[in-house]
Each structure stands twice: as structure tokens, then as C-alpha cells.
Amino acid sequence: MTTSATTQDSDNTKSPLILVDGSSYLFRAYHVPYLQALSTADGQPTGAITGVLNMLRSLKKDYPTGNIIAIFDAKGKTFRNDMYPEYKANRPPMPDDLRSQIAPLHEIITAMGLPLIVTPGVEADDVIGTLAKQADELGIETVISTGDKDMAQLVTEHVRLINTMTDVEMDVAGVSEKFGVRPDQIIDYLALMGDKVDNIPGVVKCGPKTAVKWLTEHGTLDQVIANADKVKGKIGENLRDALEQLPLSYRLATIKCDVELEQSAAELGPKAPDIPALTELYQKFELKRLLADLTNGGNEISSTNSKTSASGNSENEQAAVIAAVDVEKSQYDIILDKSLFEQWLKKLQESEVFAFDTETTSVDYMKAELVGLSFAIELGKAAYVPLTHDYEDAPEQLDKDWVLAQLKPLLESTKIKKIGQNLKYDTNVLSQYDIALQGIEFDTMIESYCYNSVATRHNMDALALKYLDYKTVHFEDIAGKGAKQLTFNQIDIEKAGHYAAEDADITLRLHQAIFPALAQSSTQLSVFNDIEMPLLPVLARMEQTGVLIDSDILADQSLSIGQRLAELEIEAHNLAGKSFNLSSPKQLQQILFEELKIPVIKKTPKGAPSTAEEVLQELALDYPLPKIILENRGLSKLKSTYTDKLPLMVSDKTNRLHTSYHQAVTATGRLSSTDPNLQNIPIRSEQGRKIRQAFIAPKDHKIVAIDYSQIELRIMAHLSNDKGLVTAFSEGKDIHRATAAEIFAVELDDVTTDQRRSAKAINFGLIYGMSAFGLAKQLHIGRQQAQEYQDKYFQRYPGVLTYMEDTRQQASEQGFVETLFGRRLYLPDINAKNGMRKKAAERAAINAPMQGTAADIIKKAMLAVDQWLLEQNDDRIKMTMQVHDELIFEIHQDIVEESTQKLVTLMNNAVELSVPLIAEAGSGDNWDEAH
DNA sequence: TCACAATCATA
DNA sequence: GTATGATTGTGAC
């Protein structure tokens, strides 16, 4: 260590040195789907250029005082080829459409005034290494911007890495955390593993795990070599076989830090940008965004961009460049006369695909009334047909019925494809006007969701900002907000027309920006085409069908709960010695922990003493008040959320309850349900089940509920292909009992209730990416014992352990995990420096493939069921609800048995797994009985 | 009026 | 330990 007072001081006084690994970013940007689509009008590709420039821009923003130097590989062979002729021999030649972007990029960077280094005979890594070493010796804070893990060997007290595409920073501790070895061991580590891509030989079968193990044990490669004869097994032989060429691998993996450079880092400073040259280059390569920045004041980030940049999401930046919306050039028609309408109608009829949007009076599809429709066929040209604007002095509009009659064949055509944003809503609204929307091909909300379920919310304003870098007119901008918000029919036609036409226009643009990116991955595209888009009309039908509830049952229950609550409140106030609000956690804390001096067991994340259920449950053993609170909480929740509210939400039109299923909300692929949420209707408590009794079947009908048994564990068995688990399911065993028998080493029949309960907790924990700590808490056992259970589990089901390790690794390397059908879940925190966030992301990585595959499966089952129902064309069967692993139907009593059987079969065969998929059915007069 | 934290309902 | 949504109280706007 060379720490001294002087070097410490210089850290703070000098601006940081930013070394940019231009070549590594060039390659990576070249492979980013969004960027691949970019080119100039005459076909010169510009995606990689754009990617690198965006990255530089983001670096400039993050390090405003930084001294940025860009380093690129030179053409031709390097000294490593002399050392080892096969070095990088496996690399395919550089694609032409990448090569053609290098020279322009160099020109632009130079014009920007940034130092650019291209040194023949060595790689960019070596130049970076040399500059970093020089800076390190001077104690200058240095940041290497790269996506290449080999650079970790350069990290020191003053030198750290940043991956500007993922925003992950790595210092000395970060390297140790990520790789499991110190920066000074990285070369040894790389040498042991070898590198397929660069064709560097290593020890056969030695991956990161083994390399870390050996280096932890022996410290250095030399010591590993010296102790090679002690390593047992096949891997020991492999190591001994590799002994001779390990020194070569070591030399190849070593970044050269003494390259002779013309100028030292200290001498290389930024120059003033050559604005005329930059302008010309940006124009030549049609880099509109950058050009706009330039005209808005040099290289500063313009005000319109600061919004998007603030998120710090580099993907955001890249995507944004694609299709800058030039609204000034847009032409929006407001159609008030027949002839213009007929012109548009003709164009629409002749089109293959168009974007459209409905404007209504309410976001609630059951209450919404149509106010107008907008259409867009080509970018920048859109039209709005107002129908029922009825404010004072509103101009005369075309007759609604006439317009809809004209549009009906168009909207119902399966040949003419439609693009929309959240088309399920439009489907529901139009169906109120007897129009059955068809040809629903592209929903931009779902495109965005399938492309990246976690990157943004998928509403149009967010998508436009992210993918088009365009701030749309918000509904609130034209309608106001709060209690005084206008409904669409009250809005001035000029304003409304612009807003509505823009919606259609933006939808079209979004589709053009997102769909090609989505289509880059065939599996993601298939999730979109084969699952999500076909599901959309199915969900629309379920929503419109609704469910029947008996409001009287709920009203009675509200009454009796209310009485009990009043009693509890009096008791609680007596015990506390004063009156307080039982449902205020804050007041409760005060009473419990300060006035009654009850010990604090747990704190909330913010540090206040927790009054959560588990805490109160424990306290209830010793004190009377917590018990009262618990009962009060449980009951008031039921009353306020369910028994009071559900009857209020019944539709006047249908006398049924209509939820909204959201298809683009959850990260994992599940649906969610709101207004009301029908996916969290109580079942566990006695009181709660009474609420399910209010979900009834119509006269002469039964409720049939069919749920998948242990679907996530079955998926785990399938994905991990663990022999024990697969066998247990194939033999139809009670899985928790079987697990208990394995862990506690007893016969299946001798498993006690307690053992089965423990095994069940372990199985659940598994799905949630459990830790021994969490398991201990769940089972109220010691941490040690929980660890023993877990070890025993993995010993008995080794395939599961391997699968989990593989999943974690895959997540960390790729940044995402996938379901069985290729639905992708990105995990931005998977390589986070913050240990808690990283751990949380790892658990999500374990859980997502199982939860997500289960979601895929039930969605496929719903498609199969819906298909069958359409074929039957029998209104005595209706699919009414989906609750993650359960489908609920209303079936006429005459055909309950046969159709239930058919439905079970359809669900069982929704997909083929290596273990049986089992759906179990129940029926009754209400949802409770059907379970 | 709104956003947030705490709590609790489900799979 | 995973994934959601609704309600309530609370404090800032």
C-alpha cells in the first residue's frame, strides 16, 4: 500500500480521470436491439455510434469535472498473437456494418474535443492499464468505464470500474464481492478458467467456483501450481494436465501496464469542441438528438432531455434517440363533416393496419360512454372523430349511430389489423355499442410489457417518454384534475381533437419503436403473439361477464362485524385507560410500548416499534390488549375492504361485479386485479370464508372452481429435473410428506404432523429463494437447525441446488431470468453493490421462473378453455375469474359434471411437463362450497 | 388533495 | 424469503 497524506490530498483536488473502453462499448452497443435498427436515410448504420455517444454523454453527466479519454483497439495483430498464435483465433471477423461505424465515431469523438487513443500492436485494455497505472501512482482518482470483467485486475484504491450500460460500479471491495477474489488475484483467476471467446486455454472444467476455491486456499496461481499434486479427482488431473501452459495463460490474461505512449494521462486534456465540424457530422449521420443538444447550447444536456436523463437509465437514452417525434410537422384532422369522414374511412378500409383509440367519459369500462374515436395510418397524420361533445356552443358533430355503423365492419374485420394502447379497454367500451372489436394484433402496452416488464410503467405517457423521448399531452393538461376534472365530452373539440389524434399517432410510433425490438427475441415475441395478445379478448370477456354476489349476505355480515368491533373498542379503551384510535399504528405504538411498557420485539423498516400481526400474536400470550387489537384489526379489514365495499361496486346495468384484470403490471407475468381486487378475497379465517359464501351462482347454476395443485413445486421439479422431486410427483405422492420423509429420514407413513408442517415450510421457502434465517423465523426454530434442514434438503434433492445456483449465475451474467416459455424478467439489482438489494434480487431471480412459468401455464389454459367455450357456443358455461392458479366458472347444473371433466382435462393438458400437471375441481352454490 | 408507510387480504 | 392491491392514518402541499 502506498497510501500517504499527499496522495490522499490529491484525490480531492484533481478531477477524476475517466478511461473509456471504447471498443468494448462499440461491440455491446452494436448488439443492443434498439440500436440495431438505426441508420441514416441512405442506409449507413449508426446504432453503435449512437450507443457509444450516448454512453459518453451519460459519463459526462455523471462526472462533470472528469477528464474523459476514449481508447479504442487498433486494427491488426497485437503482441499477444506473437506470444500465442491462436489468440482470439475463434473470433469471427468484424461485421461490415460495425466496421463502417468506427471511423465516423472516431471523427465525432475528436470533434467533441475528447482525447482519443488508438495504439497499434496492443489492445485498448493495455493502454487503459498503462494510463490507470500512471494515474494510480500519482494518486489520481481514476474510473475505467468498461463492460469487460478482465479489467477487474486494474482496480486499486484509486482505480475503480464502472459499467456505464448497467450503472454498476466496482471498487476493491466490489471486485472481491463479485468474483470472490481480490483484484490482485484476478489474473490468476482468469488464467485458471481460461477464456473460450479469446481462445485462452485454462484448466479443463475449471470455472469460477473452482478457481475461487483454489485461490482462496492457496492465494496465488504459483501456489496452486505448487500444490497441484494434492488436488484429488478428475479436476486434479485436469489441473496437472494444464500445468505447462498455465504460465502462458497467465501472461495472456495480464493487461500490459507499461505501454509506451506518446503522452501521459496528465498531458491528455480535453480541447474545446469543434462545433462546426460536429454539426456537420451529426447532420451527416442524422444524429438528431445530439444535433438538437448542440443547438440548445453546446454539449450541455438540454432541458427537454433532462427529464429522461434524470432516471439515469442508459437504455432509456438509447431508445429515446430512435424516433424523435416531430410534432410540429404532424397533421391532425378533426372530422366534423361527412366528406372528410368518408375520405378517412376509405383510407382505413384500404389499410392493412392502423392505430386507433377511443375517448370516453370514464376510466371504468362499465360506466364509460363513447365520446369520440381517433385514427392514425401513417406517422404524423391522425384524425379525431368527435361524436358526443356536449359543452355549451359545441359545434355540430356527425351522428354517433351513423358513424359507428360505418365503422363497425372496419373494427370487426379480422383482415385489417389494429394497433392500440390497452385495447382491452377499447374492446370493452365498443362492445357496449354492439361492436365486437377484432383484428387486435398489436397492443403497445403489452409490447412494452413483454419487452421489459420492469423498466417502466406501461401507460402511454411513460412509454412515449421512454421510447420516443416525447412528452405527450396529459389528460390532466386538458381536463384539469381533482374534483373539478372535466369528462371528455366537456372538453373543447379543438383541444380534445389534438389530444386524441396525438394518442393515435403516438400509439403508432410506439409500435414502430417497440415491436422490432421485441421481435429480436423469438421467445419474447412468442410470449407476445401466442400468449398475451390472444389472452386479451379472453380477459375482456371475463370482465364483461362479471361475477354474481349476494349483497344481503355481505350486509348482514357488515352489521354483525360492526357490533363486535364496537365491543372490542370499548374493551381496548378500558385496558388502555383512555380512548384511542385502534387502527392507528402510531397511537397503538404509543399506548403499547410507551404507556403500558410492553417490550418491543421488532421494528418496522423505518425504525418505529412494529405492531404487526406476528408481534401482537406473540404479545397476546402475555398481555390482554394485543389480543383485542388483533381481533379488531382482522375484522375491520374484512368489513372495510370486503363486506362494506363489494356491494357498492355492483354494476347497475348487470347487477354483477366487474373487476379489471391488468395484463401489464406484474414483473413476473401474473395478472393482477383491481376495482375490486378479486384475487385476494379471504379464505383462511372462518369469518373470511363467509365472504366467499357471498360469491354465488345464478339460479340453476353452480360455481365450479378448478385449481392447479402444487403448480410451482411441479415447475421446480420440471426446471431442475431433480430425480427425487420428479419421482415423487410422478408417483403421485403427497409432496410435503415425501419431503419430510427425506429430510427426517423416516418412512413415508411415519411422518408426523409436525414434520410435514416443517417440510411444507421448506418447500415454500424454496419457491421464495429462502435463506436459513427466514426459515428459522417461519418455523420458530434456531438458525442452526434451519440450516441443517436446508442442507439436508439440498442433499436429498441435489438437482434443486444445482438449478438454484445456475439460476443465480445466469441472472448475474445476463441480468435477467426467463420462464419456461421465454418470458423475460430483468433484475436491475442483481449486481448491486448494496448487499441487501442484491440478495433481494437473487431471491426474485429464484422465484420468478417458477411464479412466471405458473402464470404462463394458466394463461395457456385460459386460452384453451376459451377456445373450447367459443366452440361450444353455450351460454350455460362462463369463465368468471382467475386467481393465479385457479379458474372459476359458472355452469348450469344440467351440465356441471361433464363440462367440469372437460375443463379439468383442458387445464391438465395446457402444457407438457416432465411431471404430471394436476387440476382439482370443486363445485357448489357459492365459491366457498366450490373449494 | 396527494403520496407514503403500515397493515393485511390472496397465490 | 416471492408476487400483488386496498385501506387507513398521517403529514406535506
Side-chain angles (χ1 to χ4, degrees), chain A residues 453-454 481-485 580-589 602-617 629-630 632-646 649 659-662 665-685 687-689 691-692 707-713 716 761-779 786 790 804 817 825 827 836 839-852 854-855 858 881-887 927:
Chain A
S453 62
V454 284
K481 56 180 181 172
K484 283 183 288 183
Q485 188 171 56
F580 71 104
N581 184 344
L582 274 75
S583 46
S584 161
K586 210 176 168 196
Q587 293 181 31
L588 185 59
Q589 276 161 25
K602 205 187 104 182
K603 298 203 165 175
T604 64
K606 270 190 85 185
S610 168
T611 60
E613 180 173 356
E614 47 167 11
V615 176
L616 295 184
Q617 220 130 50
I629 302 289
L630 272 176
N632 175 287
R633 279 225 186 121
L635 290 178
S636 63
K637 189 87 182 182
L638 291 183
K639 185 169 184 290
S640 63
T641 314
Y642 305 106
T643 60
D644 285 354
K645 287 288 154 58
L646 290 179
M649 305 184 85
T659 185
S660 286
Y661 289 106
H662 300 275
V665 168
T666 74
T668 52
R670 275 188 177 178
L671 297 177
S672 84
S673 153
T674 63
D675 306 306
N677 180 354
L678 292 184
Q679 294 181 318
N680 70 346
I681 302 299
I683 190 168
R684 284 172 208 172
S685 70
Q687 279 282 354
R689 272 208 300 283
I691 294 170
R692 290 205 171 204
D707 69 313
Y708 281 119
S709 139
Q710 306 294 355
I711 187 164
E712 291 186 3
L713 276 177
M716 156 115 268
I762 295 172
N763 278 330
F764 268 99
L766 215 61
I767 294 170
Y768 300 150
M770 80 174 154
S771 64
F773 180 74
L775 185 63
K777 218 168 60 176
Q778 177 74 29
L779 286 174
Q790 194 179 340
M804 303 226 154
V817 290
L825 171 68
L827 299 150
M836 292 258 287
K839 286 279 175 214
E842 283 181 357
R843 291 192 294 271
I846 299 284
N847 175 258
M850 288 181 264
Q851 191 182 119
I858 197 157
M881 284 188 274
Q882 189 253 39
V883 190
H884 307 310
D885 65 358
E886 172 183 14
L887 295 178
W927 194 4

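Just so we're on the same page: letters track the sequence lines, and every chain starts at 1.
- Distances shorter than 4.0 Å separate some side-chain N or O of A:Lys586 from OP1 or OP2 on C:dG11.
- If you run side-chain contact (heavy atoms from CB on, under 4.5 Å) between A:Met881 and each of A:Leu678, A:Thr659, A:Ile681, only A:Leu678 comes through.
- In this structure, the side chains of A:Leu775 and A:Ile762 come closer than 4.5 Å at one or more pairs of heavy atoms.
- Here A:Thr641 does not reach the OP1 or OP2 of C:dG5: none of its side-chain N or O atoms lies under 4.0 Å away.
- Side-chain contact check for A:Phe764 versus A:Glu712: every heavy-atom pair is 4.5 Å or farther apart.
- At whole-Å resolution of the value, CD in A:Gln587 and C1' in C:dT8 are 12 Å apart.
- Considering only side-chain N and O atoms, A:Ser583 lies under 4.0 angstrom from the phosphate OP1 or OP2 of C:dG9.
- For A:Lys777 and C:dG1, the shortest distance from a side-chain N or O to OP1 or OP2 is below 4.0 Å.
- When distances run from any side-chain atom of A:Thr674 to the nucleotides C:dT2, B:dT7, C:dG5, the shortest one goes to C:dG5.
- For the pair A:Gln589 CD and C:dT8 P, the computed distance is 19 Å after rounding to whole Å.
- Summarising the geometry, the separation between CD on A:Gln851 and P on C:dT4 is reported as 7 Å, rounded to the nearest angstrom.
- Across C:dA3, C:dG1, B:dC8, the shortest atom-to-atom separation from the side chain of A:Tyr768 is found for C:dG1.
- Put simply, the side chain of A:Lys637 and the base of B:dT7 share a donor and an acceptor less than 3.5 Å apart.
- The side chain of A:Arg633 has B:dT7 as its nearest neighbour among B:dT10, B:dT7, C:dA3.
- Backbone-only contact: A:Asp675 has heavy atoms under 4.0 Å from sugar-phosphate atoms and none from a base.
- Nucleotide B:dA11 holds its P atom 19 Å from the NE2 atom of A:His662, rounded to whole Å.
- Between A:Arg843 and C:dT2, a side-chain N or O to OP1/OP2 separation shorter than 4.0 Å is present.
- Residue A:Ala667 is in sugar-phosphate contact alone, with no base atom involved, counting any heavy-atom pair closer than 4.0 Å across all strands shown.
- Residue contacts for A:Ala761: at a heavy-atom cut-off of 4.0 Å it reaches a base atom on one of the strands shown.
- The side chain of A:Val665 has C:dT4 as its nearest neighbour among C:dT4, C:dG9, C:dG1.
- Ranking B:dA11, C:dT4, B:dT7 by closeness to the A:Asp885 side chain, first place goes to B:dA11.
- In this model, the phosphate group of C:dG5 is not approached by any side-chain N or O of A:Ser673 to a distance below 4.0 Å at OP1 or OP2.
- Residue A:Pro682 places its side chain closer to B:dA9 than to any other of C:dT8, B:dA9, B:dA11.
- With distances taken from any side-chain atom of A:Asn847 to the nucleotides C:dA3, C:dG1, B:dT7, the minimum falls on C:dA3.
- Comparing B:dA9, C:dG9, C:dT8 against the side chain of A:Lys645 picks out C:dT8 as the nearest.
- Following rounding to the nearest Å, A:Lys481 (NZ) and C:dC13 (C1') show an atom-to-atom distance of 10 Å.
- Annotation: side chain of A:Leu582 is not in contact with side chain of A:Leu588 (no heavy-atom distance under 4.5 Å).
- Side-chain contact check for A:Tyr661 versus A:Ser672: every heavy-atom pair is 4.5 Å or farther apart.
- Using a 4.0 Å heavy-atom distance criterion, A:Glu886 is classed as making no nucleic acid contact.
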Inset, instruction - Could you check A:Ser673 against A:His662 for side-chain hydrogen bond (donor to acceptor under 3.5 Å, both in side chains), going step by step and ending with a plain yes or no? - result: CA-CA 6 Å; A:Ser673 153; A:His662 300 275; over 6 Å; no
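- Using a 4.0 Å heavy-atom cutoff across all strands shown, A:Asn680 reaches at least one base atom of the nucleic acid.
- Under 4.0 angstrom from either OP1 or OP2 of C:dG9 there lies at least one side-chain N or O belonging to A:Asn581.
- Here A:Ser672 reaches the OP1 or OP2 of C:dG5: one of its side-chain N or O atoms lies under 4.0 Å away.
- One interatomic measurement links the two molecules: CZ of A:Phe764 to C1' of B:dT10, which rounds to 12 Å at whole-angstrom precision.
- Straight-line distance from the CD1 atom of A:Ile683 to the P atom of B:dC8: 19 Å, rounded to whole Å.
- For A:Leu638, counting side-chain heavy atoms from C-beta on, the closest listed nucleotide (B:dA9, C:dT8, C:dA6) is B:dA9.
- Across all strands shown, A:Leu775 has heavy atoms under 4.0 Å from base atoms, whether or not it also approaches the sugar-phosphate.
- Applying the 4.0 Å criterion to OP1 and OP2 of B:dA9, one finds that A:Arg684 has every side-chain N and O outside that range.
- You won't find any donor-acceptor pair under 3.5 Å spanning the side chain of A:Gln679 and the base of B:dT10, going by distance alone.
- Side-chain contact between A:His884 and A:Arg670 is present, with heavy atoms from C-beta onward closer than 4.5 Å.
- Put simply, CG on A:Leu678 is 13 Å from P on B:dA11, counting in whole angstrom units.
- In this structure the side chain of A:Arg633 reaches within 4.5 angstrom of the side chain of A:Leu616, judged on heavy atoms.
- Checking C:dG1, C:dG5, C:dT8 against every side-chain atom of A:Gln778, the shortest atom distance belongs to C:dG1.
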